Amino acid sequence: MEIRRIGILGSGRLGRGIAENAASIGYDVLLFSQGAGNNNAPHSIELSLNKKLAKWALTESEKRVILSRIDYTSDLKDLANVDLVIEATIDHFYTKQELLRTADKLCPPDVIFILTSATLSVSDIARGLSRPDLLVGLHFIPPVPKINVVELSHGHQTSEDTIRAVEKFVEKLGKKVIHVKESPGLVNPRALITLINEGAYMVDEGVAGIEAVESILKESWSMEQGPFEMADRMGLDTILHWMEQLQEKFGDRYAPSPLIRRFVRTGRLGVKAKIGFFAYTQDGLIDKTWQEQGDQA
Amino acid sequence: MKIFVLNCGSSSLKYKLYDIADETVLADGKVERIGQDDATVTHQSIDKEKVKRTMPILEHTVAIQECLKLLVDKEHGIINSASEIDAVGHRVVHGGESFSDSVLITSQTKRVLTSIIDLAPLHNPANLAGIRAAEKLMPGTPQVAVFDTAFHSTMPKHAYLYAIPYVLYQRHKVRRYGFHGTSHKYIADRTAALMGKDLSSLKIISCHLGNGASLAAIDGGRSIDTSMGFTPLEGLVMGTRSGDIDPGALPYIMEKEDLTMADLSSMLNKHSGIYGLSGVSDMRDIENGIAAGNALHITAFDVYEYRIRKYIGSYAAAMNGVDAIVFTAGVGENTISLREKICENLTFLGITFDHEANRKMGKEVELSTPESRVRVFVVPTDEEVIIARDTAKIVN
């Protein structure tokens, strides 16, 4: 099937990023969100494009074309007219499976489904669907339009044709596909979580402060963002959830550091709460004027 | 002999059907928005009504098929069958160093074209798609590739080499290639005819000034230098392209503005030129702005004009003389004030300018007076006829 219109389930950072990326290269996109999720999505996508405009990465007319390719809905029935479904909701088994089961009933039988989970198995999710051969796992790294590598994992029943079609789609998005075995945490989330967790342990043990750990790692490895800023952007609640999932599977080497638990408990969830390891401005930039109070860090 | 000329872009194509005996255009048209449900096909055969249709056209094969259908259509067509087409001439943007002239397309030609795709990643894939589609729809009809770069293949080494480590030329063929070759060739041929002289005796500076713009120094009918380089970004100030800039400024800008390579490329290609200086990219808007006293528009015009004049001076030096300067393409053919300012400041070459003639629009016209030492012309370009001529020559 020629993929021309993509349905994306979930308008969080990941869903919006995939929508912007796909629309930028010419796909029509339908962004689905339950509740108020879609209220901010158009504005967030426009803000993201405005940042590119400010850096001359696109023109005003290109921006208008990209925005015009994205439609928004809160009605899953609209999925009847898409050629590909990408699930991009929170990493929760029953949430994802329930949503995909509903989509399964609404979409034409040859539509491929993509699962974006970092910790859930494609084979497990596929069990609840009438199209287990058409389900593939993709792990995108936010910001999706910028990061050009994607991990692809497939389930026991995923067909070769489905894998080829998804590879082609990802390559069209301008990204490199790397195949990995379906395993909790895949490669990137597992390695990243270890880095974030170890950094947090070091801060807790007083080896160095948040700024110092961030700076040493970021500058030594030429990272665009250090591990703590990455964690803040992904959401510390998400990071903690991943750690707990991995701890359950692989044991205590993934045991979350007390600092991360403390941050999540006190609402320091990262950019979305305007505070996590760092404080953030309204525009989501690190607030360099902010000073940590007390002995949190 | 009927020659079908195809110019395929990534999401559009233009075509003309020629009767090469007298170079009559029997039909022409274009397909826009290829890849979309609402693609448009516009077609007109000689002495017939223009037709415009909207339909889903997802790829080049379907687009060319629709063009062929219209060419044989009872109401709008001009031929009875596609088999009446004797050959197809394709515009191909980049021939690299492999093609110094137009060629008959064989499987070997396509292999070489595929191997040099990264020299023109935006254009050559679409050109190849057009070739493959035409072969599929007109099996057995000879196909010819005519390259934008080929006319400049006569440039001497001292003109095409950049003074960077020679190994980069050896490894990656980084050098000046030049573009708009078919246009510059047409201008050279036509200028010689207008002057009633043998092209081999003339030194011509051809100024192709469209949204993209380049100058060529043509000595004895051979291009000996041109302002576009490895890519169409170098040289003159263009609608949205910067043209020449100190390469040392680029890493400085990237660092100060935190730009990626892709951001920088987009900035130089889409946000610079007269648009970058003034906020508008169309020379007609610049002229209106100047009339209204807009300082930015005046500056943009001055920078644009000065760069052209500087290149004309350097090409006169490169050829050790100049017999004719010729303006062509959208801006070159239609901007009276630009031609006037350029020529008024070239009196050292012995140009005397005919202001009256300069106001004539839309046709071939001489802008210099009889006593002028260098003759100046406006010649509307015709790239398609060069493609048709080369195709006929090769097929014959």
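Predicted model, so just to flag it, every value in this text is computed and none were measured. So that the names make sense, note that chain A is the first sequence line, chain B the second, and so on, each numbered from 1.
Nearest heavy-atom pair, B:S266 versus A:L58, reported as atom, atom and distance to 0.1 Å: OG-N, 3.8 Å. The two atoms that bring B:K270 and A:E62 nearest to each other are NZ-OE2, 2.8 Å, heavy atoms only.
At a threshold of 4.5 Å between non-hydrogen side-chain atoms, the residues A:R4 and B:L58 count as touching.
Interatomic distance, CD1 of B:I253 versus CH2 of A:W56, reported as 7.5 Å (0.5 Å rounding). To the nearest 0.5 Å, atoms CG (A:L53) and NE2 (B:H271) are separated by 6.5 Å.
Contacts between B:D258 and chain A at a heavy-atom distance below 4.5 Å involve backbone atoms as well as side-chain atoms. Contacts of B:L268 with chain A are absent, with no heavy-atom separation under 4.5 Å from either backbone or side chain.
Other residues, nucleotides and ligands contribute more than 12 heavy atoms inside 6.0 Å of the NZ atom of B:K110. Counted within 6.0 Å of CD on A:E224, heavy atoms from surrounding residues, nucleotides or ligands total 12 or fewer; the atom is thus considered open. More than 12 heavy atoms of other residues, nucleotides or ligands lie within 6.0 Å of NZ in A:K52, so this atom counts as buried by the packing criterion. Atom CD of A:E151 has more than 12 heavy atoms from other residues, nucleotides or ligands within 6.0 Å. Counting non-hydrogen atoms of neighbouring residues, nucleotides and ligands closer than 6.0 angstrom, the NE2 atom of A:H43 reaches no more than 12 such neighbours. Within a 6.0 Å radius of NZ in B:K173, other residues, nucleotides and ligands contribute more than 12 heavy atoms.
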